[in-house]
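Heads up: the structure comes next, in C-alpha cells.
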Amino acid sequence: MLRWRLGPTLIVAWVGIQQPPGLTPSVERAAVHFSDVTGTSGIRVDGLGNASAWIDYDADGDLDMLASTSDIFGKTVYLYRNDGAGFFTDVTQAAGLGDVQIRSEAWGDYDNDGWPDLAATTYSSNSRTKLFHNGGDGTFTEVGAQAGMRSASLPWRVVWGDYDRDGFLDLFQGNGSNDFLYRGDGNGTFTEVGQSAGVSGPEFSNDAAWGDYDRDGWPDLFVADDGPDHLYRNGGDGTFTDETIAAGVGDGSESQSACWGDYDDNGKLDLYVVDIGAAHNHLYRNNGDGTFADVTQSAGVGDVGDGRTCSWLDADNDGRLDLFATNHIHLNRLYRNNGNGTFSDVAGPAGIANPYDVFNGAWSDFDADGDLDVFVVGHAGKVLYSNDGTPGGYLHLDLVGTSSNASAIGARAVLVVPGRQPNRTVEGASGAYGQDSLALEFGLGPAPGPFKVRIVWPSGTIQTISGILPNTTLLIVEP
C-alpha cells in the first residue's frame with residue numbers, strides 16, 4: 001500500500017498485494033483461535049476500561065489504537081502508534097490527548113483533508129462533544145466549540161454518517177434525552193438539526209448505528225435506548241420517519257448496543273441488538289419489505305440478556321459473517337456462522353471467552369496478516385487478541401472518497417459470487433463506545449478466484465473491479 005501527500009491532497013496508489021504464509025486456501029473448515037499478545041504489544045491500559053477504536057491516524061499504513069477508561073483521576077486516554085512490526089508506542093501526550101476524558105469515540109475525516117479526526121463524548125454532564133481536528137503532524141486540536149457542538153445534559157454516544165449524501169460527514173449524538181444530529185455544513189462547522197430531522201427522541205440513548213436497511217441508497221438510523229428503541233427511516237429529504245413498530249424491531253428492554261450485518265448474504269442488512277437486564281438479546285432478520293423477523297431463538301444467538309457490545313465479522317475467513325457479543329457478568333460469545341441460519345458459540349475453544357464485562361471490542365487486521373484481531377476493553381480486563389490464522393483467503397478494501405466523504409463512511413462493497421451477495425459497509429462507529437477499523441474485510445474461504453467486487457459509493461457512483469486474486473489488500477479511490 002503506497003501513499004503520497006502533496007499539500008492537503010491525498011493521492012493514493014492502487015493495490016498493495018499481500019500473500020503471507022499460512023493462508024493457503026483449504027476446503028477444511030478449521031477451528032478459529034486467538035492468542036493474548038497484550039504483553040508483547042506495548043499496549044497497557046490501566047483502570048476501568050471503557051472504549052477502544054482502530055484508526056490509521058498518521059496515514060503511515062499501520063492501524064493505531066485509541067483506548068479510554070471510565071476513571072476520574074490519573075491517565076484516562078491512551079493513543080498507541082503502531083510501528084508496523086507488532087509493537088505500539090504511547091504517543092498520547094505528544095498528540096495532545098493527555099488531558100481529556102473519553103466516554104465514546106468515533107473517527108471520521110469531517111473536513112475531507114485526508115486526515116481522520118476524532119469526535120468524543122466525555123463523562124461531564126451539561127457538556128458538549130469534543131471534536132479533535134487532526135493536524136496531519138501527529139497532533140490534534142480541540143475545535144468543538146467553533147465547529148458548533150452544543151451542550152447536552154448528558155452526552156453519551158457519537159456516530160459519524162453522511163445522512164444527506166452531500167460528501168460531508170454528519171454526526172449523530174445520543175444523549176440522556178433529546179438526541180442531536182449535527183449536519184456537516186461543508187466548511188468545518190455543523191448545524192444541529194435533530195428535532196427538525198425527526199431523530200431527537202426523548203429516551204436515554206446508549207448506542208446508534210447507521211445502515212441502509214431498505215436499500216434505497218439513503219442511510220437509516222437505529223438507536224438503542226434504555227426504553228423503546230427507535231428505527232428511523234431516511235426519507236432522502238433531510239427528514240426521518242420512525243418505523244420501529246411497523247418494522248417489528250420495537251425491543252422494549254434496556255438496549256446497550258446494536259450492529260448491522262448481512263449474516264445470510266442475501267443483500268439485506270440484518271440487525272442484532274444487545275440488551276442488559278433482559279431475557280436475551282435480539283437478532284432481527286430483514287424480510288426485504290421494510291419489516292424484520294425475530295429469529296433470535298432459532299438462530300441460537302440469544303445469549304443471556306446481560307450484554308454490553310456486539311460486532312459482525314468473519315473470524316475464520318470462511319466467507320460468512322460471525323457475531324461477537326460481550327456481557328456484564330457472563331462470558332463473551334463468539335457465534336460462528338454455520339451457513340444455514342444458525343450459529344454455534346465457539347468463544348471458549350477459540351480462547352476469547354474472557355475477560356467478562358467487556359464494554360467494547362474493536363476489530364481489525366492490525367498486524368496485516370489477513371485475519372481479524374480484536375482489542376477488548378472493559379472493567380475486568382484489557383486484552384489484545386491476535387487471530388492465530390485460518391486457511392481461508394481474504395480480500396481487504398481500504399476506500400477513499402472523492403465526491404463522497406473522504407473516509408468513505410457509508411460506502412458499500414459487494415463481492416460478486418454465484419448465489420450469494422456478501423457485502424460490507426464502512427461504518428462511522430461500531431458497537432458500544434468504540435469503532436472497528438474502517439477497512440472492509442471479506443473472507444474468501446477456499447475459493448481460488450479471481451474475484452469481482454462492486455462498490456456503491458455514498459455519492460451514488462458504482463465502481464466495479466475484476467480480476468482480484470485471494471490474499472489481496474486494495475486501496476481504492478472513488479472515481
Side-chain angles (χ1 to χ4, degrees), residues 22-23 29-41 43-45 49-54 63 65 67 86 88 256-257 259 261 263 272 274 276 281 283 299-304 306-338 342-392 394 430-437 441 443:
L23 283 177
R29 193 168 187 254
V32 60
H33 191 270
F34 296 83
S35 294
D36 182 347
V37 297
T38 317
T40 58
S41 70
I43 294 179
R44 177 180 174 179
V45 177
N50 188 73
S52 56
W54 294 102
L63 286 170
M65 164 55 60
F88 293 79
Q256 294 294 293
S257 64
C259 49
Y263 76 90
Y272 192 71
V274 172
I276 194 168
N281 299 337
L283 174 60
V301 294
D303 206 342
V304 292
D306 184 44
R308 293 293 197 193
T309 189
C310 60
S311 297
W312 291 103
L313 68 140
D314 186 356
D316 52 4
N317 276 351
D318 70 347
R320 299 185 184 276
L321 282 177
D322 310 304
L323 178 63
F324 181 68
T326 72
N327 293 292
H328 173 214
I329 58 173
H330 294 82
L331 299 177
N332 304 325
R333 305 291 198 259
L334 178 60
Y335 291 110
R336 196 177 194 187
N337 192 331
N338 296 321
T342 69
F343 295 78
S344 300
D345 180 17
V346 298
I352 202 173
N354 285 301
Y356 64 87
D357 206 18
V358 167
F359 278 62
N360 185 248
W363 291 86
S364 77
D365 182 15
F366 82 88
D367 50 8
D369 65 353
D371 49 42
L372 292 181
D373 318 294
V374 64
F375 183 70
V376 298
V377 57
H379 285 182
K382 287 76 60 179
V383 180
L384 178 60
Y385 283 110
S386 175
N387 194 322
D388 292 339
T390 67
Y394 68 90
S430 43
Y433 306 133
Q435 191 170 16
D436 300 334
S437 70
E441 296 124 344

Is any side-chain heavy atom of [Y] closer than 4.5 Å to one of [X]?
{"X": "Trp54", "Y": "Met65", "value": "yes"}
{"X": "Ser364", "Y": "Asp436", "value": "no"}
{"X": "Cys259", "Y": "Ser311", "value": "no"}
{"X": "Val358", "Y": "Asn332", "value": "yes"}
{"X": "Leu384", "Y": "Asp36", "value": "no"}
{"X": "Glu441", "Y": "Leu372", "value": "yes"}
{"X": "Tyr394", "Y": "Asp314", "value": "no"}

With distance as the sole test, does [X] use its side chain to make a donor-acceptor pair with the main-chain N or O of [Y] at under 3.5 Å?
{"X": "Tyr272", "Y": "Val301", "answer": "yes"}
{"X": "Asp373", "Y": "Asn387", "answer": "yes"}
{"X": "Asp367", "Y": "Gly86", "answer": "no"}
{"X": "Asn337", "Y": "Asp322", "answer": "no"}

Quick one: closest heavy-atom pair of [X] and [Y], and the distance?
{"X": "Val376", "Y": "Pro355", "result": "CG2-CD, 3.9 Å"}
{"X": "His33", "Y": "Asp388", "result": "ND1-OD2, 2.7 Å"}
{"X": "Gly434", "Y": "Asn360", "result": "N-ND2, 3.4 Å"}
{"X": "Leu283", "Y": "Ala299", "result": "CD2-CB, 3.8 Å"}
{"X": "Cys310", "Y": "Val274", "result": "CB-CG2, 3.6 Å"}
{"X": "Gly431", "Y": "Thr309", "result": "CA-OG1, 3.3 Å"}

What pairs with Asn327 under side chain to side chain contact (heavy atoms under 4.5 Å, CB included), at least two apart in sequence or on another chain?
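Listed in chain order: Asp303, Val304, Asp306, His330, Arg333.
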Kindly determine whether Val346 and Val32 satisfy side-chain contact (heavy atoms from CB on, under 4.5 Å), including the steps that lead there.
CA-CA 8 Å; Val346 298; Val32 60; 4.2 Å; yes
Residues which pass ring-ring contact (aromatic ring centres under 6.0 Å, His included) with [X], listed by chain and number, not counting sequence neighbours:
{"X": "Phe34", "value": "Trp363"}
{"X": "Tyr335", "value": "none"}
{"X": "His379", "value": "Phe359"}
{"X": "Phe343", "value": "Tyr263"}

Any donor-acceptor N or O pair under 3.5 Å, side chains Asp316, Thr390:
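There is no such pair between these side chains.
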How many angstroms lie between atom [atom1] of [X] and atom [atom2] of [Y], to the nearest 0.5 angstrom?
{"X": "Asn338", "Y": "Asp318", "atom1": "CG", "atom2": "CG", "value": "9.5 Å"}
{"X": "Leu331", "Y": "Asp345", "atom1": "CG", "atom2": "CG", "value": "8.5 Å"}
{"X": "Leu334", "Y": "Phe324", "atom1": "CG", "atom2": "CZ", "value": "7.0 Å"}

Closer than 4.0 angstrom, basic N to acidic O: yes or no for Asp357 and Arg308?
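Arg308 and Asp357: salt-bridged.
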Would you mind listing every salt bridge (charged side-chain N to carboxylate O under 4.0 Å, His left out) that reaches into residues 376-386, with sequence neighbours excluded?
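The answer is none; no pair qualifies.
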After noting the C-alpha distance and the side-chain angles of Tyr385 and Phe375, does the key distance pass the side-chain contact (heavy atoms from CB on, under 4.5 Å) rule?
CA-CA 6 Å; Tyr385 283 110; Phe375 183 70; over 6 Å; no
